[in-house]
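Just so we're on the same page: letters track the sequence lines, and every chain starts at 1. In this text the structure is predicted, and so the values were computed from the model without any measurement. Note that these values count all heavy atoms, side chains included, but never hydrogens, waters or copies made by symmetry.
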Amino acid sequence: MRFSKKNLLTLAGALLVYFLIFSLQSLGMISKFQEINLMMLGINIILAVSLNLIVGFTGQLALGHAGFMAVGAYVAAILTMKLHQPFLLAIIAGALAAALAGIIIGLPTLRLKGDYLAIATLGFGEIIKGVANNINYIGGAAGMIGIPRLTSWTWLYLMMVLTILVIVNFLNSTHGRACVAIRENEIAAETMGINTTYYKVLAFAIGAFFAGIAGALYAHYFYLIQPTTFTFFRSFDILVMVVFGGLGSITGSIIAAAAITLINAALQDLAVLRMVIYAILLIVIMVFRPQGLMGTKEFTLDRWVPKRGEASGSAGN
Amino acid sequence: MAGFLQQVINGLSLGSIYALIALGYTMVYGIIQLINFAHGDILMVGAYIGFFAVVYLKLNIWWAFIIAMAGASLLGVIIERVAYKPLRNAPRLAALITAIGMSLLLENGGLMVLGTDIRSYPGGIITNKQLPLSVLGMQLTATTLQLLILAVTVVMMVVLQYIVHYTRTGKAMRAVSHDPDAARLMGINVDNTISVTFALGSAFAAVAGILLGLYYNTIQPLMGIMPGLKAFVAAVIGGIGLIPGAMLGGFALGVFETMVSGYWSSKMRDPIVFILLILILLLKPAGLLGKNNTEKV
């Protein structure tokens, strides 16, 4: 993080958004419905950005992100609800447990490519769901009810900014470049001396880590988690955000996560019709713009901020 | 021992349904390298077409099979033309997402049109009697429905083998799956061949749908999801893209699943199936009957 003009501007913007919503909330101008969607929006952004690291940047098609989210949610909920530990500790433990799950699933299965990896990760998500169904300590199929509501706007926003910051900085480092090289051509990357397994597992672990955070935030906002909360469709929902925004575009993921959350909120009353519209929208987008909204481009402020000297930051391209 | 053989009999009839579904996955994967996630939902549509044919058109079950096969084939071809064909040259991921989107559309469209009611085929459309079997002095039972399922599946598979190996269309299918560009140069209409593949696969799914409806005695709009996923697992276990692999995988998975619920717990059935999938993928990524291809630079 350099204190270039652009970074300072971004920081100011981030703070402004935070205080704007914080004061609106304090003044009671945000309804319950809006608050739920605001929280969902933040959680979805964390999930989409972290999955984009795996799918968009490292090129590993994973369909089990909800599984990592489930690990984070359950571990964090056990810590706060059953062991009465502080929220921060619970979030960290949940995230670490999810990262561990990412490594465990990543190490053996990353030898698989493309569709096979997709199926293996899909199976992994189903296994987590099935295992959670069978453990009585965490409520089995009924799930955990009465998790303390600890997720506030401040926690959510902090974690969201942290996720974006860490992942963007990771991507701009040597490690991130190595991941992109693997996406572009795995064999060529290996020939250039990149340890592909190491980087794939690293991307998996980091992606899972933040999915775990999202899970912890989710559990502590909605009181209730059940194995069916984290099905294949949840994973798919996140994947849709990533693909809709553009594989390999962090800002694309953020915009898409926001857009899809808002579309979902707007169609809330339509029940089943909502899913039909959602599915049709998805097919139409894929057929007419398979590369997603942003492609691999990033939305940057450079266009509006006059460039002078080294003022252009490192995030855009 | 008798209990074990009984589980095998139960497993084989369930497994033959998986095998029928898996054939559709494997044929489509073999020809355009796409996991057709909507396949399980085509099965559901097929089951409903059969249901309506029996209940409202008062047809017998054999006509219901034929009408359901025709309807599902038409649906399969429409889906292929509308959603998958425009993406033939797009990134693989885009096609996969479209397939999942199509699956969501059929499921929720089904929920919208048909409601969430669970229906069942009227009793008496198929005679279902317990048949005592005695194998090596052991008393086992099989129902006529189980035998029917097995018989229908075997007949369908023989027909498929004949189509794929001895007809012009079958030869075209094998050529396209081997190398679409070369096939096109040889004068094969690749688009039509792909459509025929979808039609055949969907027809098989429709048969599987009706059999599933009879087997569990329920049909509902989300009935295709789990059998669809499991049949896909079966296709991968056997070696995706291979027709004998789909059959082997389907039977193996059916028996394995029945064993897990019989000897352990039916709640562990689904997770264990997916653990098996991951193990197979790790030990033999190309499936039991597949050959490992080394990637060329």
All heavy atoms of B:I278 vs all of A:A120, minimum pair found to be CD1-O, 3.5 Å
So, the part of B:I275 with a heavy atom under 4.5 Å from chain A: the answer is both
Practice problem: With side chain to side chain contact (heavy atoms under 4.5 Å, CB included) as the test, would you mind laying out the steps for A:F233 and B:E107 before giving the verdict? | Solution: CA-CA 12 Å; A:F233 289 102; B:E107 278 154 24; 3.6 Å; yes
Residues B:G109 and A:V276: closest non-hydrogen pair is N-CG2, 3.6 Å
Original post:
Is atom CG of B:D117 surrounded by more than 12 heavy atoms (other residues, nucleotides or ligands) closer than 6.0 Å?
Top reply: yes
So, the part of B:L277 with a heavy atom under 4.5 Å from chain A: the answer is side chain
If one checks every heavy atom of B:L106 against chain A at 4.5 Å, the contacting part turns out to be neither
Here the pair of heavy atoms bringing A:A279 nearest to B:G101 is CB-O, 3.5 Å
When the 4.5 angstrom heavy-atom criterion is applied to B:I272 and chain A, the contacting part is neither
For B:L104 and A:M275 the tightest heavy-atom approach is CD2-CE, 4.1 Å
Neighbour count >12 (heavy atoms, 6.0 Å) for atom CZ, A:F288: no
Bottom line for B:F232: the part with an atom under 4.5 Å from chain A's heavy atoms is side chain
**Request:** Show your reasoning for whether side chain to side chain contact (heavy atoms under 4.5 Å, CB included) applies to A:N133 and B:D270.
**Result:** CA-CA 11 Å; A:N133 248 327; B:D270 294 354; over 6 Å; no
Note: B:I97 and A:F236 closest approach over all heavy atoms is O-CZ, 4.1 Å
For A:I127 and B:P271, the nearest pair of non-hydrogen atoms, with its separation, is CG1-O, 3.7 Å
One option among B:M102, B:K85, B:Q33 has the most heavy-atom pairs under 4.5 Å with chain A, and it is B:M102
- Query: Given the rule in the side chain to side chain contact (heavy atoms under 4.5 Å, CB included) test, do A:I283 and B:V82 qualify, once you have shown the distances and angles that lead to the verdict?
  - Reply: CA-CA 10 Å; A:I283 296 168; B:V82 172; 5.8 Å; no
Okay, B:L105 and chain A: the region with an atom under 4.5 Å from a heavy atom over there is both
Honestly, the part of B:L87 sitting under 4.5 Å from a heavy atom of chain A is side chain
